[in-house]
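In this chain, residues are counted from 1 in sequence order.
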Amino acid sequence: STRKESSAASDVYKRQSEGVHKEHAPSYHVLLLHSLKQILTSLNLADYSDFRTDSLKDIFEKGEIYTINITMPDFKLPNISDSTHSTQINMSTSGVYRNLFNSEEYKFITSGGKEGKQPLPLMKNFPESGYLIARDGWKKTSTYFLFLASYHMHYHKHTDDLSFILYKNGPIFIDSGPHNYNYKEPFTEYAYSQFAHSTLIVNNNSLPRTDYKFKDVYISDSQVDTANNTFSVEGTNKRYKNTKPVSYTHLTLPTTPYV
């Protein structure tokens, strides 16, 4: 059963060389990493190792990088996909994930900035997974920007293609998160639609939640200049019918390092 579990864990990260979980929600990302750590611990106790365990270890290590960077200045995970407001994970108060990793940077976010080392750089690009994250520091008053161009599978997918979140001493541009899983309910339908996300809407109609066009949403260009504290990102969405592909460009923005 351990081999089946390791195969399943690997599948949800399949083709994700950046170690980002394919089910879109950061809350599921850390949940799977927690399970993956248990699997790796069990395999180690059983003295079992092969190319698959090496792959799982690589996913686990890279998964920490995304976990740290996706965390907002208030040390909460953003409400993208099915990460809900009511169950929003605060990494600085969550006992379940406190010891998930041992690095000083991870200790910084799980202690609310009281211990460990401030994570750097302040900008991180995950072009294959479809995320760009930039901030000007780790204070609760800091600016945080998250851009999404990710469509990897149906599970927990929202119509949030080319959307963004902006936080500055509190939420400014937000993601509504889900309402519930009754897709026929009007509030749920709205929460999953483009209208509940900070993105472009074409002809006043939202795209469907899912349509199997996994390869049609992606980051088409991105630049992160840590030396000058600037970034730019462009996402492309080809899911629209009878229209040209929609490209959405966020202009180059400066960030101020936090000392």
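- Side chain of His29 to main chain of Gly63: a donor-acceptor pair is present (N/O by atom type, distance under 3.5 Å, no hydrogens or angles).
- Between Pro208 and Thr159 there is no side-chain heavy-atom pair separated by less than 4.5 Å.
- Neither Phe187 nor Phe195 shares a network with the other; the hydrophobic side chains, linked directly or stepwise wherever heavy atoms of I, L, V, M, F, W or Y lie under 4.5 Å apart, form separate groups for each.
- Ser206 is not listed as a side-chain neighbour of Tyr192, based on a closest heavy-atom distance of 4.5 Å or more.
- Within the 4.5 Å cutoff, side-chain heavy atoms of Leu207 are placed close to those of Tyr240.
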Item checked: Steps toward side-chain contact (heavy atoms from CB on, under 4.5 Å) verdict (Val30, His34) -> CA-CA 6 Å; Val30 294; His34 183 263; over 6 Å; no

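- With contacts defined as side-chain heavy-atom distances shorter than 4.5 Å, the pair Ile133/Ile70 qualifies.
- Using a 4.5 Å cut-off between side-chain heavy atoms of Ile, Leu, Val, Met, Phe, Trp and Tyr, with links allowed through other members, Leu132 and Leu166 fall into the same hydrophobic cluster.
- Heavy-atom contacts from other residues, nucleotides or ligands closer than 6.0 Å to CZ of Phe173 number 12 or fewer.
- Looking only at distances, no side-chain donor or acceptor of Ser129 sits under 3.5 Å from a matching main-chain atom of Phe126.
- Counting heavy atoms from C-beta outward, Asp221 and Val233 have side chains that stay 4.5 Å or more apart.
- Of the inter-residue distances, the one linking Glu105 atom CD with Gln118 atom CD reads 10.0 Å to the nearest 0.5 angstrom.
- Between Phe145 and Phe147, the two ring planes are parallel [angle under 30°; tilted spans 30° to 60°].
- The two residues Leu148 and Tyr131 make their nearest non-hydrogen contact at CD2-CE2, 3.9 Å.
- Here Asp160 pairs with Lys157 in a salt bridge; the nearest charged N to carboxylate O distance falls below 4.0 Å.
- More than 12 non-hydrogen atoms from other residues, nucleotides or ligands lie less than 6.0 angstrom from NZ of Lys168.
- Side-chain atoms of Trp138 come within 3.5 Å of backbone N or O of Pro119 as a donor-acceptor pair.
- At least one donor-acceptor pair under 3.5 Å links the side chain of Ser111 to the backbone N or O of Phe108.
- Here the OG1-CG distance, from Thr141 to Asp74, works out to 11.5 Å after rounding to the nearest 0.5 Å.
- With ring centers used as reference points, Tyr28 lies 6.0 Å or more from His21.
- Side-chain rings of His197 and His158 approach one another, their centers coming within less than 6.0 Å.
- In this structure, the separation between CG on Leu43 and CG on Leu56 is 7.5 Å, given to the nearest 0.5 Å.
- Looking only at distances, a side-chain donor or acceptor of Lys62 sits under 3.5 Å from a matching main-chain atom of Ser17.
- A distance-only check finds a donor-acceptor pair linking the side chain of Glu18 to the backbone of Glu128 [under 3.5 Å].
- The CG atom of Leu146 sits 14.5 Å away from atom NZ of Lys124, with the distance rounded to the nearest 0.5 Å.
- Taking CG of Asn79 as the reference point, atom CD1 of Ile174 lies at 8.0 Å (rounded to 0.5 Å).
- Residues Ala191 and Ala196 share a closest heavy-atom pair of O-CB, 3.6 Å.
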Next item on the list: Check step by step if side-chain contact (heavy atoms from CB on, under 4.5 Å) holds for Ile219 and Thr236.
Entry: CA-CA 6 Å; Ile219 289 180; Thr236 297; over 6 Å; no

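- Partner of Tyr97 under the side chain to side chain contact (heavy atoms under 4.5 Å, CB included) criterion, chosen from Ile89, Thr67, Leu77, Ile109: Ile89.
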Next item on the list: Would you please test Leu40 and Asn44 for side-chain contact (heavy atoms from CB on, under 4.5 Å) and show each step?
Entry: CA-CA 6 Å; Leu40 289 170; Asn44 184 58; over 6 Å; no

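- Residues Tyr66 and Val96 share a single hydrophobic cluster, defined by chaining ILVMFWY side chains whose heavy atoms lie under 4.5 Å apart.
- For the pair Met91 and Thr71, the tightest heavy-atom approach, listed with the atom from each and the gap, is CG-OG1, 4.0 Å.
- At a threshold of 4.5 Å between non-hydrogen side-chain atoms, the residues His24 and His152 count as touching.
- Looking at Ser222 and Glu234, their side chains never come closer than 4.5 Å, going by heavy atoms from C-beta outward.
- When side chains are defined from C-beta on, Thr199 does not count as touching Asp161, because their heavy atoms never get closer than 4.5 Å.
- At distances below 3.5 Å, at least one donor-acceptor pair connects side-chain atoms of Lys213 with backbone N or O atoms of Arg239.
- Residues Pro73 and Ser142 approach most closely at CG-O, 3.9 Å, considering heavy atoms.
- Side chain to side chain, Asn90 and Ser92 meet the donor-acceptor criterion of an N or O pair below 3.5 Å.
- Side chain of Arg98 to main chain of Lys107: no donor-acceptor pair is present (N/O by atom type, distance under 3.5 Å, no hydrogens or angles).
- Taking the six-membered ring for Trp and the full ring otherwise, the centers of Phe101 and Tyr106 sit less than 6.0 Å from each other.
- The CZ atom of Phe60 sits 14.0 Å away from atom OG of Ser55, with the distance rounded to the nearest 0.5 Å.
- Ring-centre distance between Tyr151 and Tyr218: not below the 6.0 Å cut-off.
- Classified by interplanar angle (parallel below 30°, tilted 30° to 60°, perpendicular above 60°), the ring pair Tyr144/Tyr167 is perpendicular.
- The two residues Pro26 and Ile80 come nearest to each other via the heavy atoms CD-CG1, 3.2 Å.
- The backbone N or O of Pro121 sits nowhere less than 3.5 Å from a side-chain atom of Thr226 that would complete a donor-acceptor pair.
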Next item on the list: Take Lys238 and Val217, measure what side-chain contact (heavy atoms from CB on, under 4.5 Å) needs, and give me the verdict at the end.
Entry: CA-CA 6 Å; Lys238 296 181 179 180; Val217 179; over 6 Å; no

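- With hydrogens and angles disregarded, a donor-acceptor distance shorter than 3.5 Å links the side chain of Asp50 to the backbone of Arg52.
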